[in-house]
There are 2 protein chains.
Amino acid sequence: MNERKQHVLNAAKRLFLENGFANTSIQNILDEAGISKGTFYNYFNSKNECLISIIEESVEIAAVRRDEIAADGQDGPELLVEQILVRLQMNREQKLIRLYEAILHSGDHELRDYMKSVHLSELAWLEQRLSEVYGEQIRPYAADAALMQFGMLGQYLQFAPDITSSEELSKRIRFVIRRTEALLRDMTENDEHLLEAGKFDIRADSPPLPSPVRVAEEILRLADTLPPESRDSGLEFAGFLSAELEEEKPRSGLLKTVAVPFRKLFDGRPNEPEARTVMSALWRILKSSDL
Amino acid sequence: MNERKQHVLNAAKRLFLENGFANTSIQNILDEAGISKGTFYNYFNSKNECLISIIEESVEIAAVRRDEIAADGQDGPELLVEQILVRLQMNREQKLIRLYEAILHSGDHELRDYMKSVHLSELAWLEQRLSEVYGEQIRPYAADAALMQFGMLGQYLQFAPDITSSEELSKRIRFVIRRTEALLRDMTENDEHLLEAGKFDIRADSPPLPSPVRVAEEILRLADTLPPESRDSGLEFAGFLSAELEEEKPRSGLLKTVAVPFRKLFDGRPNEPEARTVMSALWRILKSSDL
DNA sequence: AACTATTTTATACCGGTAGTCCAACCTTTT
DNA sequence: AAAAGGTTGGACTACCGGTATAAAATAGTT
């Protein structure tokens, strides 16, 4: 990921959020980013692909944040609220969600398929989390509950798009989660469900798990790029993380605890996106070995 | 409403449903309808306006059908299922709903506002119906229940867009309605709600109620256009309807019963849309006097 | 420092889009 | 028959996403 490319992405994102996807021409992006058309098409094969990159980035940010806040603290409905809040805050002022939808209904098949997979993976995540939070006995109803919760929340957001405070957001999320609990009780009592468990899983096209050794290398390389003031602690963290990663049975609790502050060292630095990508790989490894 | 204009609308609708809104150019519509560009822009100020007309028509069709099936039979959850089914079948094979969404996210403010009002009026209708079906005591929670039901159902439809049989549709609707009942019980028990009653009402910009006298005239005029084979019964119906309409206190039960077969005389006839519009006005009068 | 390879720039160009404009045409009213 | 007004076809504009390309700038290698 070129730094210049990141600059273009940021410019495009700014414009998309401000004026909408359809109302932003490539020329606008070129002007905003101060680049020429040729460069743009060096980075992206199309305007759509540029949009996909933006969404991919925000999905990654949300995933890492969710894993990080799960790393400290007990699991339960309150954590679920926080994790859902992450996605909503990601769509700053509900505008990113418009991009999602713009893509969904843009007649472009490739884009639609991509967004569908994003949607599905969000539902799969939610189904899994509901099972974790409310116990294995509700698993047969988790898929339906996830789908309905997603729909309810979507309505509460679309209906009041003027939410700035995360207080207001939390309030709605909590309300919807309590309703979801009622739905789970109701479905359990009557043993009614429409979807089978695991309905949303689409592991087929998910990328292969990165190798721990490879990730360990990347972490060390990243630490090398830190500025003097954070370099020392960064190297400490990185040394521990990479050593632990190459162990036979990594102590995942420790890894999770250390991973969070290490990643945060890169906040605001030019390679923040790269650091996030590497740590995202780390979290995937950790979660797969937890099972 | 010109007959030629209706012809253009039908052509556009066909193309939109088949290829999507974005993938249908005005030239396509011109070719399909066999008209010229000048004519098209005589009827509509833009492609968007053409789409709005199509949606307006389908909204009207759905409203009349809902009122008509309510006219015979007892009220209750089963009727509600049928009425909801009307809207879903209207969006034939889930494709019209894409038009809705295409409009919602098209960056065009005017279109968005229009669709928002359609959305709101659907929610207002649902809130009202829930109160009717489940009793006045749930009215404080009806707005929330309507919003959540709408969201849940939307997910179940979007998620399985390959539904052709209305059996399958009914099954999902019934499932969602049972969940809505659980939500209503839950909210009632805990006395929790986020929205106040009547939240979705937007009477401000709804057109003024048509005068009964005027509608009576239109009904007589319509009957005159019927072909010989249905002319006699049409005139009988029309005579009764218009006479009753001009009474001090119209017998609304009778009116409803007679209105249905009268409107159906125009099915398949060129002025079917016009007849529907007139009868739509009649239903609005009847419902307002029922209160 | 010189040479090479790659990236970036600027611009012309393509086919397609929504929408404008207008002179010619047709139909209805007078 | 004449006037009026809606209808027609098509030329036209401005813009879009995307392609092509030659010149300029930059980076990497020796």
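Here is the naming used below: chain letters follow the sequence lines, and residue numbers restart at 1 for every chain.
For the pair B/Asp31 CG and C/dG16 P, the interatomic distance rounds to 13 Å; values are reported in whole Å. Rounded to whole Å, atom P of C/dT7 lies 13 Å from atom NZ of A/Lys5. Rounding to whole angstrom units, OH of residue B/Tyr41 and P of D/dA11 are separated by 17 Å. In this structure, the CG atom of A/Asn23 is 15 Å from the C1' atom of D/dG17, given to the nearest Å. In this structure, the CZ atom of B/Phe40 is 10 Å from the C1' atom of C/dA18, given to the nearest Å. The separation between B/Lys47 atom NZ and C/dG16 atom C1' is 12 Å, rounded to whole Å. Separating the CD1 atom of A/Ile29 from the C1' atom of D/dG18 is a distance of 13 Å, rounded to the nearest angstrom. If you take CG of B/Leu30 and P of C/dG16, they are 16 Å apart, rounded to a whole angstrom.
At least one donor-acceptor pair closer than 3.5 Å links the side chain of B/Asn28 to the backbone N or O of B/Ser25. Listed for the B/Lys37 side chain is no donor-acceptor partner under 3.5 Å among the backbone atoms of B/Ile26. With A/Glu272 contributing its side chain and A/Gly268 its backbone, the two residues share a donor-acceptor pair below 3.5 Å.
Put simply, the side chain of A/Phe16 does not reach to within 4.5 Å of the side chain of A/Ile55, judged on heavy atoms.
Set against C/dT8, D/dG17, C/dA18, the side chain of A/Arg4 has C/dT8 as its closest nucleotide. In the set C/dT7, D/dT8, C/dA10, the nucleotide with an atom closest to the side chain of B/Asn42 is D/dT8.
Regarding contacts with the backbone of C/dT8, a side-chain N or O of A/Tyr43 is found under 4.0 angstrom from either OP1 or OP2. Look at B/Lys37 and you won't find any side-chain N or O under 4.0 angstrom from OP1 or OP2 of D/dG9. OP1 or OP2 of C/dT9 lies within a sub-4.0 Å distance of a side-chain N or O belonging to A/Thr39.
Both A/Gln27 and A/Gly38 lie near DNA chain D, and the one whose nearest nucleotide falls closer to the 5' end is A/Gln27.
Across all strands shown, A/Ser25 has heavy atoms under 4.0 Å from sugar-phosphate atoms exclusively, and none from any base.
Other residues, nucleotides and ligands contribute more than 12 heavy atoms inside 6.0 Å of the CZ atom of B/Arg221.
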